[in-house]
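Below is one structure, written out as structure tokens; comments come after it.
Keep in mind the model is a prediction, meaning the values are calculated, not measured. Numbered from 1 within each chain, the chains take letters A, B, ... in sequence-line order.
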Amino acid sequence: MKYNPEEVELKWQRYWEEQKLFLTKEDEREKFYCLEMFPYPSGRIHMGHVRNYAIGDVIARYKRMRGYNVLHPMGWDAFGLPAENAAINHGVHPAKWTYENIDYMKKQLKRMGLSYDWTREVTTCEPEYYRWNQWFFLKMYEMGLAYRKSSTVNWCPSCSTVLANEQVVDGGCWRCDSEVIQKELEQWFLRITAYAEELLQGCEKLIEGWPEHVIAMQKNWIGKSHGAEVDFAIEGSDETIRIFTTRPDTLWGATFMCISPLHPMAEKLTADREALERIKSTYGKAEEKHGLFTGRYAINPVNNERLPIYIANFVLMEYGTGAIMSVPAHDQRDFEFARLFDLPVRVVIEPEGGSLSEPLSEAYEEEGVLVNSAQFSGMPSSEAKKAIIDFLEQKGIGKAKVNYRLRDWGISRQRYWGTPIPIIYCDDCGVVPVPEDDLPVILPKDVELTGTGMSPLLTSEEFLYTSCPRCGKRARRETDTMDTFVDSSWYFIRYCSPKDADALDRKRIKYWMPVDQYIGGVEHAVLHLLYSRFFTRVLRDIGIVDFDEPFTNLLTQGMVCKETLSCPEHGWLLPEEVKDERCIKCGSPVTRGRVEKMSKSKKNVIDPDYLINRYGADTSRLFSLFAAPPEKDLEWSDRGIEGAYRFINRLWSLVHEHSEGLKKVKDQRVEPVGKGASLFRKTHQCIKKVTQDIERRFQFNTAIAAMMELFNEISSFKPSADEDYRIMRFALRNLLLMLSPFAPHVAEELWTVIGEEPSIFNQPWPVWDEEAAKEQEVELVVQINGKVRAKIMIPAGLSDDEIKQKALNDERVQKYTAGREIKKTIVIKGRLINIVL
RNA sequence: GCCGGAGUGGCGGAAUUGGUAGACGCAAGGGACUUAAAAUCCCUCGGGGCAUAGCUCCGUGCCGGUUCGAGUCCGGCCUCCGGCACCA
């Protein structure tokens, strides 16, 4: 009987659905919440999804067999730019585009045979979902966590939208790479900085369950630093400028001062508007430093020196106080600036036990010992930092200060396809929040999408004008929508009670949350994961949840990569555009480029539909789990998938070939006797290995390798008597159970072929017997002076002395030991002996 | 520059955390079956040397160290990949 993946897979997918096998309800069992990052409905799934969801499905099915009540949901991150761009470019309404994509992708996911509870499906563009975005926003507004301010924002002229700092990559838009410019706008912000310290501290709790590098990235992003704020008087003015420094030990080395062009004092200190504008235009540009001398001086409060005040493009208003003291001897940026303006460089820190040769060729940024610093000279930096802060505090001119790089989260987007911000502007009452009872504020359908950069909601009169909830007069709605990261910051909570009738049901949330295992790409290591941690804390403070961290364990899967092909004339090529190492269009030799993340633009993608049509879901899943450990990058291999397919086919044929013999001995007791004794043992060993590989760090690749080994042994075992069949059946039955989370359809089918009742997924995970798994004979490696000189078979469980005797009696060993004194022997139980001569 | 991670056969990757380096898969070579091919099955497969049923030396990016024993631990380098980057 030939293996037909499609037939088998559709059959069992239908069965599971009919049996409602994966629908989940709260019960008395221990819960396990297994979650994969939900996709953006871009149109079709890609190999990254296949890998992500295959990993999640193995975990969910495995945990289910281990007796957990598993929650394994799926949904759609359905708001976002591409839908709107499709509308602009092709005239399709974003809603239509999105829902059609969801339909198609849902079919694809179902075709993969994933064990989701589809009744919990969540779609973020539905009013039942986004009304809670609005509700949280109102709560945050009440709590002072949502606020409006005018600020310069990152603006992508191509996407015509505001970008969060995190969405700016190397000065370009994260989506389209266009250069990002600064623009002044009234924006809504969420005060994530109020939780900066807590989010940082919380990282410690994640150490056990999260990858180290993700925690490092989060800490880095929060960017806590200790230092001091110091007030500098301005000569000829009553005002002072406050600076922040992490190096109070270099205070005596300040030779000038810089303020940000956006600093409120900038306009007061210079009359030259034009020059100020020029500096502003280079603000934040990393390439070069620009400065403008104001003609004014500040007074260094520790030594009363006059310091010229500059306006400098590299001083950021968003960090610290927007003003710095400049110590060119000990800060490379100040050093470069000093060179530019020929400003003095004064050394106040010398390396311990040495001295700097002046003039300096670069700043000395290390810590050291203070010099030229009045009473603090001679003190080491670390000590001086504290002492100087004490001194500043006593004198009332400064204080210790902790700063964070983390900024508040700007959520306003001048876009249509997102959650309307539930705010009304009334001429008399000002900013008025939409009353809770009026939620949701529905996103209107009749909107003109032009891509001009104006909020499209401005074009819907019906939406725009409303009456003020306070005074009843005609008022305008906020027309910006929320950043879509708001949607994904709490969707995992929504899955617990997905229907609006019981939305945010505390009891159900308490049962399921937090997520026990979260699986997704590293690209969300800061953005999504940090926002989710923030939201969870806000929800905790509102009283909806009673924990801090949403995701107990996190698995960040590696990228799916493939070799790239390119031609000097035609650029990236598809594999079918290459013949005999030459481009079929022009005949130029083809460059086999680096193995890179699959992307349409580089033409190195594999379409999951093609894969599943050709090999089936089981093979596709098995290969993506076997080719590399989950957290590492996976290199696509056409041959590799053939290997996985071959394995499944071999298993299929073997089971069918022996199905009669296997069925006949069903329910008969297995005994480890006869020629099958070693297969019996191998089976127990395999259960142990596979279980341990899954339990510790999800090493699916080695788990599959172990199953292949077991299969190879079953396959070379030629059963004749019933006792042989009993053992073969025992081995196969367990192999199918172990394989079932990885290749669920074929496992379920073959389960019935050996005479078992479906569903295999109602079976418990197999257990091994430690005794039965033990080898009776083991290979002893005999080393002499650390080199392997012999390998001998010995019975397991010998004492050290017996092992030593066996080894010394071996003639190959005697060749070396003859006439020499044995200094020492080291015996590793059941494994190795090292004889030191 | 700073912070993470990784370097093992022709390739993807194993190695119970200090105890046989190369599991499993792929590729390659040889053989069987076949009119033939595909598929399938069996054997070989890190490199060198030799008196070639065997023996022996070398081998986990490089140099050193600890140890009876190092892919694994320590010190110093090199290379590659990710993240952050004028954060004062």
Side-chain angles (χ1 to χ4, degrees), chain A residues 169-170 211-221 223-225 227 243-247 250 258 260 284-289 312-316 318-327 330-334 336-337 365 403-407 522-523 525-526 558-559 594-595 623 626-629 631-644 646-647 649-650 653 688-689 692-693 696 699 701-712 715-716 779-791 812 815 823-829 831-837:
Chain A
V169 180
D170 291 330
E212 207 183 344
H213 69 278
V214 175
I215 298 175
M217 281 161 76
Q218 294 233 335
K219 282 185 177 171
N220 200 322
W221 197 264
K224 183 180 185 178
S225 59
I243 61 101
F244 172 74
T245 179
T246 53
R247 294 297 299 272
T250 63
C258 290
S260 168
K285 291 241 163 78
E287 303 83 57
E288 46 190 322
K289 293 190 167 46
N313 72 321
F314 69 91
V315 179
L316 305 173
E318 295 85 353
Y319 183 77
T321 60
I324 58 168
M325 65 168 189
S326 294
V327 185
H330 304 293
D331 183 291
Q332 188 59 25
R333 295 158 299 182
D334 297 345
E336 283 164 25
F337 195 84
E365 295 187 322
N403 253 318
Y404 300 90
R405 292 158 77 145
L406 184 68
R407 319 247 170 98
V522 235
E523 64 272 23
V526 266
M559 298 180 297
R594 287 204 336 208
V595 175
F623 170 72
F626 177 62
E631 68 284 358
K632 281 185 123 187
D633 286 353
L634 180 153
E635 189 187 333
W636 175 259
S637 153
D638 291 328
R639 295 299 189 162
I641 191 137
E642 294 279 352
R646 205 173 301 155
F647 170 69
N649 268 291
R650 291 213 291 152
S653 312
K688 180 178 181 178
K689 169 81 175 146
Q692 288 181 345
D693 281 351
R696 74 178 150 84
Q699 294 179 34
N701 55 330
T702 50
I704 294 168
M707 290 189 264
M708 287 174 166
E709 268 189 77
L710 176 60
F711 173 79
N712 288 342
S715 158
S716 56
E779 189 181 60
L780 178 75
V781 171
V782 185
Q783 292 186 339
I784 290 160
N785 289 336
K787 295 201 170 195
V788 178
R789 294 300 180 190
K791 295 173 185 179
R812 285 165 299 189
K815 207 167 77 187
K823 291 207 186 98
K824 182 164 156 186
T825 56
I826 295 109
V827 178
I828 303 300
K829 200 163 62 81
R831 225 171 236 295
L832 177 142
I833 178 168
N834 189 7
I835 298 164
V836 184
L837 301 177

Open item on the list: Nearest to the side chain of A:Arg789, heavy atoms from C-beta on, is which of B:G13, B:U56, B:C24?
Closed with: B:U56
- [ ] Would you mind telling me which of B:A21, B:C58, B:A23 lies closest to the side-chain atoms of A:Lys787?
- [x] B:C58
TODO: Using a heavy-atom cut-off of under 4.0 Å over every strand shown, decide if A:Asp633 touches base, sugar-phosphate, or nothing.
DONE: sugar-phosphate
TODO: Return yes if the base of B:U20 and the side-chain atoms of A:Glu779 contain a donor-acceptor N/O pair under 3.5 Å, otherwise no.
DONE: yes
Task: Pairwise C1' distance for B:G76 and B:G82, with rounding to whole Å - done: 25 Å
Open item on the list: Regarding A:Asn834, tell me which of base, sugar-phosphate or nothing describes its non-hydrogen contacts under 4.0 Å with the strands shown.
Closed with: base
- [ ] Could you check whether A:Ser225 gets within reach of a base, just the sugar-phosphate, or nothing at all, counting any heavy atom under 4.0 Å?
- [x] sugar-phosphate
Open item on the list: Side-chain N or O of A:Arg405 versus OP1/OP2 of B:A88: is the shortest distance under 4.0 Å?
Closed with: no
Open item on the list: Rounding to an integer number of angstrom, what distance separates B:G83 and B:A28 when you compare their P atoms?
Closed with: 36 Å
TODO: Write down the partner of B:C11 under the Watson-Crick or G-U wobble criteria, each distance required to be under 3.5 Å.
DONE: B:G25
TODO: Considering only atom P, compute the distance from B:G61 to B:C11 and round it to an integer number of Å.
DONE: 13 Å
Open item on the list: Any donor-acceptor pair, under 3.5 Å, between the side chain of A:Lys289 and the base of B:C86, if you only look at N and O atoms?
Closed with: yes
Open item on the list: What's A:Ser637 touching, base or sugar-phosphate or nothing? Going by heavy atoms closer than 4.0 Å.
Closed with: nothing
Open item on the list: Over all strands shown, is A:Val315 touching base, sugar-phosphate only, or nothing at heavy-atom distances under 4.0 angstrom?
Closed with: base
Open item on the list: Pick the closest RNA chain B nucleotide for A:Glu212 and for A:Arg650 by heavy atoms, then say which residue is nearer the 5' end.
Closed with: A:Glu212
